[in-house]
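Only one structure is covered here, and it is reproduced in the block below.
Owing to the predicted nature of the structure, the values given are computational and were not obtained by experimental measurement.
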Amino acid sequence: MDAWAEDLFYVIRRYGSILSESLPEVEAAMIQRTAEQALRVAACLAAADMTEVITEDILLAAFSLGRRSVRTSWCSPVGRRLPPGPP
């Protein structure tokens, strides 16, 4: 991972920790795993690009995918709305 990606990874982990403090236990557990899942997805994206280095752009793309996945899972079949924020 390059230096920019390391900084971003720290921010993602911190974001998850802060956000999970105000959520119910089940949702908090899902948010807390976001950083590690983003890192796994970033490794797959880097491999697909045939590079050995996870860059900030790759990690950001992986985090965006994970964030969208979490936001989508917060929608329930009974019409529960997404929390405010960007998609």
Exercise for review: Supply the atom-to-atom distance D57 CG to D49 CG, rounded to the nearest 0.5 angstrom.
Suggested key: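 If I round to the nearest 0.5 Å, the distance is 10.0 Å.
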Check your understanding: How many angstroms lie between atom CD of Q32 and atom CD of Q37, to the nearest 0.5 angstrom?
Key -> 13.0 Å
**Study point:** Hphob cluster co-occupancy, Y10 + F63, side-chain heavy atoms under 4.5 angstrom
**Key:** no
Which atom pair, heavy atoms only, marks the closest approach of [X] to [Y]?
{"X": "A42", "Y": "I54", "answer": "CB-CG2, 3.8 Å"}
{"X": "A38", "Y": "A62", "answer": "O-CB, 3.2 Å"}
{"X": "L23", "Y": "I31", "answer": "CD1-CG1, 3.6 Å"}

Check your understanding: Quick one: are L39 and I12 in side-chain contact, heavy atoms under 4.5 Å?
Key -> no
Exercise for review: State, with a plain yes or no, whether a side-chain heavy atom of L65 is found less than 4.5 Å away from one of L45.
Suggested key: no
Practice item. Among E56, R14, M1, find the one that has a side chain to side chain contact (heavy atoms under 4.5 Å, CB included) with F9. Key: M1
